[in-house]
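These notes concern the structure reproduced below.
Along the sequence shown, residues are numbered consecutively beginning with 1. Just so it is clear, the structure is predicted and the values come from calculations on it, not from any experiment. Counting convention: from 1, in listed order, for ligands and their atoms alike.
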Amino acid sequence: MSQGDHSDLLARLSVWQGDITTLATDAIVNAANSSLLGGGGVDGAIHRAAGPQLRAFCATLGGCPAGEARLSPGFGLAARHVIHTVGPVWRGGAHGEATTLAACYRACFDIAHAQGLTTLAFPAISCGIFGFPFDAAATIAVRESMSALAARADLKVTLVAYDAAASQLYEQTIARFA
Ligand code: AR6
């Protein structure tokens with residue numbers, strides 16, 4: 001890949017700090033659990049902001065295994081769609097957690113591609129209740145985003161950091177890929 005191509009990818013990858021439920025992207029990604037029926041963390045925030053229609057829709061999906069993703073409308077959200085993915089629970093790192101987390105990002109990008117969704121925002125999947133170490137997860141998030149951006153010239157990706165420390169770590173991780 002030439003230098004010019006690489007800087008184009010970086011121009012389409014951004015870090016934004018705040019509440020993902022406020023973003024008016026084509027889709028926001030939800031860090032769900034395998035029931036898809038809601039929970040705490042970002043999942044709870046997305047369901048509250050979307051309203052009860054989201055849970056009713058998700059109840060028709062029949063759940064989702066870790067490493068896969070499912071699409072729903074955004075209902076009351078500013079985003080048009082939600083891509084629900086189920087990250088791995090961190091169990092020390094020797095149980096395929098990194099592979100499963102990478103599969104989550106790829107599954108979300110595959111759905112976005114199939115549906116023609118071009119602006120996507122991701123929370124730090126698995127980095128809260130599921131306990132995945134943030135620095136390792138950030139490397140996976142940036143690596144998978146860069147390869148999706150390389151595959152699609154119309155794609156734009158926002159990595160959403162909930163606090164300043166996460167934002168700084170994402171920026172540092174992106175700088176390592178630059
Ligand atoms: N906007 C952006 N990021 C957020 C928000 C928000 N509104 N709220 C939290 N985060 P978590 P997980 C960050 O725990 O680890 C649920 O109960 C948070 O700081 O939401 O994948 C599900 O139902 C962290 O960096 O998701 C599952 O059972 C990141 O989002 C389980 O939690 C992910 O934290 C999934 O756990």
* Mind checking whether C127 has a heavy atom under 4.0 Å from ligand 1? ->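 Yes, C127 has a heavy atom closer than 4.0 Å to ligand 1.
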Suppose we measure from [atom] to each protein heavy atom; which comes out shortest, and what is that distance?
atom                    : result
atom 6 (C) of ligand 1  : Y162 CE1, 3.3 Å
atom 26 (O) of ligand 1 : A31 CB, 3.7 Å
atom 22 (C) of ligand 1 : D43 OD2, 3.5 Å
atom 1 (N) of ligand 1  : I20 N, 3.0 Å

* Asked: For ligand 1, which atoms sit closer than 4.0 Å to a heavy atom of G39?
  ->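 Per the distance check, 17 (O), 23 (O).
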* Can you list the atoms of ligand 1 that are under 4.0 Å from a heavy atom of D19? -> 1 (N), 6 (C), 7 (N)
Considering only heavy atoms, which of [options] lies nearest to [atom]?
atom                    : options              : value
atom 16 (C) of ligand 1 : G40, A137, G38, G41  : G40
atom 21 (O) of ligand 1 : S126, A45, P123, G44 : S126
atom 34 (O) of ligand 1 : G128, G87, A49, G18  : G128
atom 25 (O) of ligand 1 : S35, A124, S34       : A124

* Shared ILVMFWY cluster between F109 and L101, side chains joined below 4.5 angstrom? -> yes
* Asked: Going only through I, L, V, M, F, W and Y residues with side-chain contacts under 4.5 Å, is there a path from I46 to L71?
  -> no
* To do: Kindly say whether G38 contributes a backbone atom to a donor-acceptor pair with the side chain of N33 at under 3.5 angstrom?
  =>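 Looks like yes, one N/O pair under 3.5 Å.
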* Structure fact -> Heavy atoms of A124 and Y105 approach each other most closely as CA-OH, 4.5 Å
* Structure fact -> The single option from F122, F177, Y162, F134 that satisfies ring pair (Phe, Tyr, Trp, His ring centres under 6.0 Å) with Y170 is F134
* Between NE2 of H47 and CG of L37, what distance do you get to the nearest 0.5 Å? ->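 Rounded to the nearest 0.5 Å, the NE2-CG separation comes out at 7.5 Å.
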Return a yes/no value for [X]: is any of its N or O atoms, backbone included, closer than 3.5 angstrom to an N or O of ligand 1?
X    : result
T21  : no
G131 : no
F134 : no

* To do: Could you tell me which residues satisfy salt bridge (Lys or Arg N to Asp or Glu O under 4.0 Å) with D135, sequence neighbours excluded, listed by chain and number?
  =>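 Salt bridge (Lys or Arg N to Asp or Glu O under 4.0 Å) list for D135, sorted by chain: empty.
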* Asked: Got T139 and R176 here, is their nearest side-chain heavy-atom distance under 4.5 Å?
  -> yes
* salt_bridge(E144, R106) N-O dist < 4.0 Å -> yes
